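All remarks here apply to the structure that follows.
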Amino acid sequence: MRVLILGGTTEASGLARLLADDHRFETTLSLAGRTSNPRTQPVRTRIGGFGGADGLAAWLAQESIEAVIDATHPYADQISSNAVAACGRLAIPLATIWRPAWRPEPGDRWLTVANAEAAADALGQEPRRVFLSLGRLELGAFAASPQHHYLARTVDPPEGIVLPRDIRLIFDRGPFGEPAETALLVNEKIDVLVSKNSGGAATYAKITAARKLGIPVVMIARPHKLHGHVVDTAQAAAGWLEEQLVHRAIPGSARGV
């Protein structure tokens with residue numbers, strides 16, 4: 001079975017490792033190309049966009065793809081919408097890996113907002129020291145609130161984005177441990193954390209550190225992108241693919257998006 005994984009997450013990499021030595025599958029992992037030096041993967045990898053839903057549909061047909069796994073970041077809603085359209089057009093089975101969202105626990109001080117612009121507004125007028133734990137593409141939203149001092153952590157430098165005038169960038173890639181996150185918040189005298197609700201363990205330590213230090217969190221809510229068959233782990237996605245193999249082997253069996 002020829003499989004496309006739409007990747008960019010730890011779950012996508014985990015699924016690629018699970019399928020790499022399974023000769024029942026010929027797997028391609030697609031990355032958007034937003035990270036300049038992605039980790040080497042054990043399966044065929046392509047980098048870059050497809051050209052919208054039409055381009056993705058054309059690529060799927062050209063490559064004779066028989067199943068698609070959407071293992072993109074929870075906030076990558078455009079590629080997920082394109083996958084729904086393209087797979088629906090070609091009647092290709094689609095599954096989404098949807099890692100569970102973080103949920104507030106006792107001691108958390110969360111303010112949930114819709115997007116980065118709303119997060120910038122929520123910081124208020126009084127100058128604060130703000131830790132932005134976001135993708136670099138969202139940093140420009142905070143230029144509209146220049147009264148704050150920002151510390152931002154990204155994997156790659158932001159390019160072509162107007163940044164807040166008072167910002168310092170640190171470049172790092174998770175996972176991050178709680179002692180290091182606590183030290184960062186304390187040493188930088190952070191007043192408020194701004195984060196996406198990414199879920200998973202790789203970046204959760206900043207949330208537990210903020211909880212223990214009593215630091216409020218402005219949490220950007222997830223878009224809704226639960227499409228196709230929904231699973232929550234790479235292992236479950238691999239199991240779903242095995243089911244597709246069984247359906248394919250049985251004449252007249254149903255395969256659906």
Side-chain angles (χ1 to χ4, degrees), residues 8-11 34-35 72-77 98-158 161-226 232:
T9 60
T10 55
E11 290 83 3
R34 291 182 177 177
T35 301
T72 56
H73 193 274
Y75 290 80
D77 51 342
W98 187 250
R99 71 173 71 138
W102 299 324
R103 297 186 180 278
E105 298 184 7
D108 283 328
R109 301 168 58 196
W110 289 13
L111 173 63
T112 300
V113 297
N115 50 42
E117 290 74 16
D121 289 340
L123 295 175
Q125 293 302 312
E126 183 178 348
R128 308 171 82 178
R129 295 182 64 84
V130 182
F131 179 32
L132 300 176
S133 182
L134 303 168
R136 67 187 188 278
L137 299 180
E138 288 83 13
L139 298 181
F142 297 87
S145 298
Q147 66 272 28
H148 307 295
H149 168 75
Y150 297 100
L151 176 71
R153 180 169 62 198
T154 67
V155 176
D156 294 312
I161 298 172
V162 178
L163 297 174
R165 65 191 181 197
D166 186 2
I167 188 171
R168 181 161 64 87
L169 302 174
I170 54 177
F171 305 106
D172 205 353
R173 188 197 304 263
F176 305 104
E178 186 180 321
E181 296 290 73
T182 300
L184 178 67
L185 296 176
V186 171
N187 294 339
E188 297 292 338
K189 300 180 174 60
I190 296 301
D191 298 312
V192 60
L193 165 67
V194 179
S195 175
K196 290 179 176 179
N197 194 334
S198 300
T203 61
Y204 186 63
K206 65 190 176 189
I207 303 299
T208 58
R211 180 188 306 134
K212 291 182 177 181
L213 295 171
I215 294 174
V217 177
V218 178
M219 188 69 75
I220 299 175
R222 290 183 176 193
H224 182 80
K225 50 174 266 181
L226 300 181
D232 59 3

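Everything quoted here is computed from the prediction, not taken from an experiment. Hydrogens, waters and symmetry mates are skipped; everything else that's a heavy atom, side chains included, is used.
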NE2 on His73 to NZ on Lys196, rounded to 0.5 Å | 5.5 Å
Student check: side-chain heavy atoms of Thr154 and Phe171 closer than 4.5 Å | yes
May I ask you to test the Thr10-Arg99 pair for a side-chain heavy-atom distance under 4.5 Å?
-> yes
Which residues share a salt bridge (charged side-chain N to carboxylate O under 4.0 Å, His left out) with Glu126, sequence neighbours left out | none
Can you tell if the side chain of Arg136 reaches within under 4.5 Å of the side chain of Pro157, non-hydrogen atoms only?
-> no
Pair Arg129 + Asp191, salt bridge at N-O below 4.0 Å = no
Side chain of Gln147, backbone of Gly124: donor and acceptor closer than 3.5 Å?
-> yes
For residues Trp102 and Gly200, report the shortest heavy-atom separation together with the two atoms involved.
-> NE1-O, 2.9 Å
State, with a plain yes or no, whether a side-chain heavy atom of Leu134 is found less than 4.5 Å away from one of Ile220.
-> yes
Are side-chain heavy atoms of Leu163 and Pro158 found at a separation under 4.5 Å?
-> yes
What's the shortest heavy-atom distance between Ala209 and Leu185, and which atoms?
-> CB-CD1, 3.8 Å
Say whether, by atom type as modelled, one donor and one acceptor occur between the side chain of Ser145 and the main chain of Phe142 under 3.5 angstrom.
-> no
Between Glu181 and Arg153, does a salt bridge (charged side-chain N to carboxylate O under 4.0 Å, His left out) hold up when you go through it step by step?
-> CA-CA 12 Å; Glu181 296 290 73; Arg153 180 169 62 198; 2.8 Å; yes
Any side-chain heavy-atom pair from Phe176 and Thr203 closer than 4.5 angstrom?
-> yes
To the nearest 0.5 Å, tell me how far His148 NE2 sits from Arg165 CZ.
-> 11.0 Å
What is the distance from atom CD of Glu138 to atom CG of Asn115, rounded to the nearest 0.5 Å?
-> 10.0 Å
Mind running side-chain contact (heavy atoms from CB on, under 4.5 Å) on Leu139 and Leu169 for me, showing each step along the way?
-> CA-CA 10 Å; Leu139 298 181; Leu169 302 174; 4.1 Å; yes
Verify, without hydrogens or angle tests, whether Tyr75 (side chain) and Asn197 (backbone) share a donor-acceptor contact under 3.5 angstrom.
-> yes
State, to 0.1 Å, how close Leu184 and Ile190 come at their nearest heavy-atom pair, and which atoms those are.
-> O-CG1, 4.5 Å
If you look at every heavy atom in Ala141 and Ala120, which pair is closest and at what distance?
-> O-CB, 3.7 Å
Val194 and Ala119 have their tightest heavy-atom pair at CG1-CB, 4.0 Å
Side-chain heavy-atom pair Ile207, Met219 within 4.5 angstrom cut-off | yes
Looking at Leu193 and Ile215, what are the two nearest heavy atoms and their distance?
-> N-CG2, 4.0 Å
Any chance you could measure Asp108, atom CG, to Lys212, atom NZ, to the nearest 0.5 Å?
-> 11.5 Å
Does the side chain of Ser195 come under 3.5 Å of the side chain of Lys206 through a donor N or O and an acceptor N or O?
-> yes
